[in-house]
Amino acid sequence: MRNIRLDICYDGTRYRGWQRHPGIDNTIQGKLETALSRILEEEIEVFGSGRTDAGVHANGQVANFHCASDMPTEEILSQLRRYLPDDIGIYSCKEVSERFHARLNASNKTYCYRIWNSDTPCVFERRFMTVYPEKLDLEAMRRAAAHLVGEHDFGAFCANAKMKKSTVRTIYCLDIQKKGNEIRISITGNGFLRNMVRILVGTLLEVGRGERTAESVPSLFRSVRADAGFMAPPQGLSLMEVNY
């Protein structure tokens with residue numbers, strides 16, 4: 001069996017997230033598997049580097065699949081671009097080692113959360129930003145972000161109350177920049193729990209608007225989900241890069 005890697009981008013606005021669900025055909029994984037099964041004339045299962053939520057986007061998602069077909073990767077790429085909807089794009093399609101697994105081999109991922117911090121209209125990028133017009137204390141948010149960097153138990157930032165595996169993760173970098181009316185929060189880590197990035201962003205926004213202090217953030221590592229911040233909306237979030 002051949003092992004094929006796909007580098008993917010998508011506008012997640014109208015999808016129910018990455019993961020295929022029984023009886024629901026409106027997922028990124030489902031669209032890819034349907035197209036590939038049709039193209040290669042065999043049942044295909046696609047493995048993604050991670051599951052993005054409903055409404056979340058990707059600039060740099062990675063996936064792989066196995067197939068018996070000897071169709072050249074250039075032809076697979078061409079056919080995928082023909083059959084996939086316009087809001088799912090394939091950057092590249094190439095054969096890789098049989099040991100490669102998009103999720104299990106990933107060493108780190110980078111997400112970016114975009115905020116339109118103004119009450120002026122954000123018409124043309126409204127699907128890719130969260131509009132948040134309130135004044136924010138960026139310096140306080142940056143102090144809070146510094147506490148989140150490193151290896152910690154992020155259980156309070158996980159939406160899965162029944163999580164049985166370890167909730168310890170490492171954040172390598174958490175950067176907050178503002179240019180004009182846009183704030184960008186970039187987060188790189190070795191892995192992320194369910195809704196973790198959106199809850200981290202919600203917590204930082206609460207710091208920014210003075211509802212909690214930056215110095216209180218470390219106490220959340222010994223806490224529960226109810227003590228952390230709200231879950232920021234999905235449309236501002238995009239998976240930017242996966243490294244191996």
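Positions are given from 1 along the sequence.
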[X] to [Y] - nearest heavy-atom pair and separation:
{"X": "R212", "Y": "G229", "answer": "NH2-N, 3.6 Å"}
{"X": "I4", "Y": "C67", "answer": "CG1-SG, 4.2 Å"}
{"X": "H21", "Y": "Q19", "answer": "CD2-O, 3.1 Å"}
{"X": "A102", "Y": "G48", "answer": "CB-C, 3.9 Å"}
{"X": "L174", "Y": "A145", "answer": "CD2-CB, 3.7 Å"}
{"X": "L40", "Y": "S69", "answer": "CD2-OG, 3.7 Å"}

Ignoring hydrogens and angles, tell me if any N or O in the side chain of [X] forms a donor-acceptor pair with the backbone of [Y] under 3.5 Å.
{"X": "N190", "Y": "T170", "value": "yes"}
{"X": "R126", "Y": "V123", "value": "yes"}
{"X": "D137", "Y": "A140", "value": "yes"}
{"X": "S37", "Y": "T34", "value": "no"}
{"X": "Q29", "Y": "R20", "value": "yes"}
{"X": "N160", "Y": "R194", "value": "no"}
{"X": "R198", "Y": "A232", "value": "yes"}
{"X": "R143", "Y": "H147", "value": "no"}

Note: E151-R169 ion pair, threshold 4.0 Å (strictly below)
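No salt bridge links E151 with R169.
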
Charged N to carboxylate O under 4.0 angstrom, R142 versus E139?
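Here R142 pairs with E139 in a salt bridge, since their nearest N and O are under 4.0 Å apart.
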
Would you call [X] and [Y] a side-chain contact if the rule is heavy atoms closer than 4.5 Å?
{"X": "R5", "Y": "Y244", "result": "yes"}
{"X": "F65", "Y": "E45", "result": "no"}
{"X": "W116", "Y": "I183", "result": "no"}
{"X": "V207", "Y": "V217", "result": "yes"}
{"X": "R2", "Y": "T73", "result": "yes"}
{"X": "M1", "Y": "N3", "result": "no"}
{"X": "N117", "Y": "M129", "result": "no"}
{"X": "I176", "Y": "R184", "result": "no"}

Indicate, with yes or no, if [Y] and [X] share a hydrophobic cluster defined by side-chain heavy-atom contacts under 4.5 Å among Ile, Leu, Val, Met, Phe, Trp and Tyr.
{"X": "I76", "Y": "Y91", "result": "no"}
{"X": "V131", "Y": "L136", "result": "no"}
{"X": "V242", "Y": "V96", "result": "yes"}
{"X": "I115", "Y": "L148", "result": "yes"}
{"X": "F154", "Y": "Y172", "result": "no"}

Taking atom types as modelled, is there a side-chain donor on [X] or [Y] under 3.5 Å from an acceptor on the other?
{"X": "Q235", "Y": "T13", "answer": "no"}
{"X": "S238", "Y": "Y113", "answer": "no"}
{"X": "N108", "Y": "T188", "answer": "no"}
{"X": "K109", "Y": "N243", "answer": "no"}
{"X": "T167", "Y": "D153", "answer": "yes"}

Approximate separation, where rounding is to 0.5 Å, of [X] [atom1] and [Y] [atom2]:
{"X": "R225", "Y": "L220", "atom1": "CZ", "atom2": "CG", "answer": "10.0 Å"}
{"X": "C9", "Y": "I90", "atom1": "SG", "atom2": "CD1", "answer": "7.5 Å"}
{"X": "S166", "Y": "L193", "atom1": "OG", "atom2": "CG", "answer": "8.5 Å"}
{"X": "M71", "Y": "L36", "atom1": "CE", "atom2": "CG", "answer": "10.0 Å"}
{"X": "L6", "Y": "C93", "atom1": "CG", "atom2": "SG", "answer": "5.0 Å"}
{"X": "D119", "Y": "N181", "atom1": "CG", "atom2": "CG", "answer": "9.0 Å"}

Taking atom [atom1] of [X] as the centre, report whether more than 12 heavy atoms of other residues, nucleotides or ligands fall under 6.0 Å from it.
{"X": "E41", "atom1": "CD", "value": "no"}
{"X": "E43", "atom1": "CD", "value": "no"}
{"X": "R81", "atom1": "CZ", "value": "yes"}

How are the rings of F192 and Y111 set relative to one another: parallel (under 30°), tilted (30 to 60°) or perpendicular (over 60°)?
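The arrangement is perpendicular - the two ring planes meet at more than 60°.
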
Which label fits H101 and F47: parallel for a plane angle under 30°, tilted from 30 to 60°, or perpendicular past 60°?
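Ring orientation of H101 relative to F47: tilted.
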
Take M141 and I185, measure what side chain to side chain contact (heavy atoms under 4.5 Å, CB included) needs, and give me the verdict at the end.
CA-CA 10 Å; M141 291 172 67; I185 302 176; 4.2 Å; yes

I need the single residue from R127, K31, R14 that forms a salt bridge (charged side-chain N to carboxylate O under 4.0 Å, His left out) with D87. Which is it?
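Filter result, single survivor: R14.
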
Begin from the C-alpha positions of S49 and Q61 and carry the test side chain to side chain contact (heavy atoms under 4.5 Å, CB included) through to its verdict.
CA-CA 7 Å; S49 71; Q61 176 67 285; 2.4 Å; yes

Aromatic ring centroids of Y10 and Y15 under 6.0 Å?
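Not close enough - the centres of the two rings lie 6.0 Å or further apart.
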
H57-F128 aromatic ring centre distance below 6.0 Å:
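Between H57 and F128, the centre distance is under 6.0 Å.
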
Start with the C-alpha distance between V201 and Y132, add both sets of side-chain angles, then the distance that settles side chain to side chain contact (heavy atoms under 4.5 Å, CB included), and finish with yes or no.
CA-CA 12 Å; V201 170; Y132 200 87; over 6 Å; no

V46 and I28: CA distance, side-chain angles, deciding distance, side chain to side chain contact (heavy atoms under 4.5 Å, CB included) verdict:
CA-CA 10 Å; V46 175; I28 306 297; over 6 Å; no

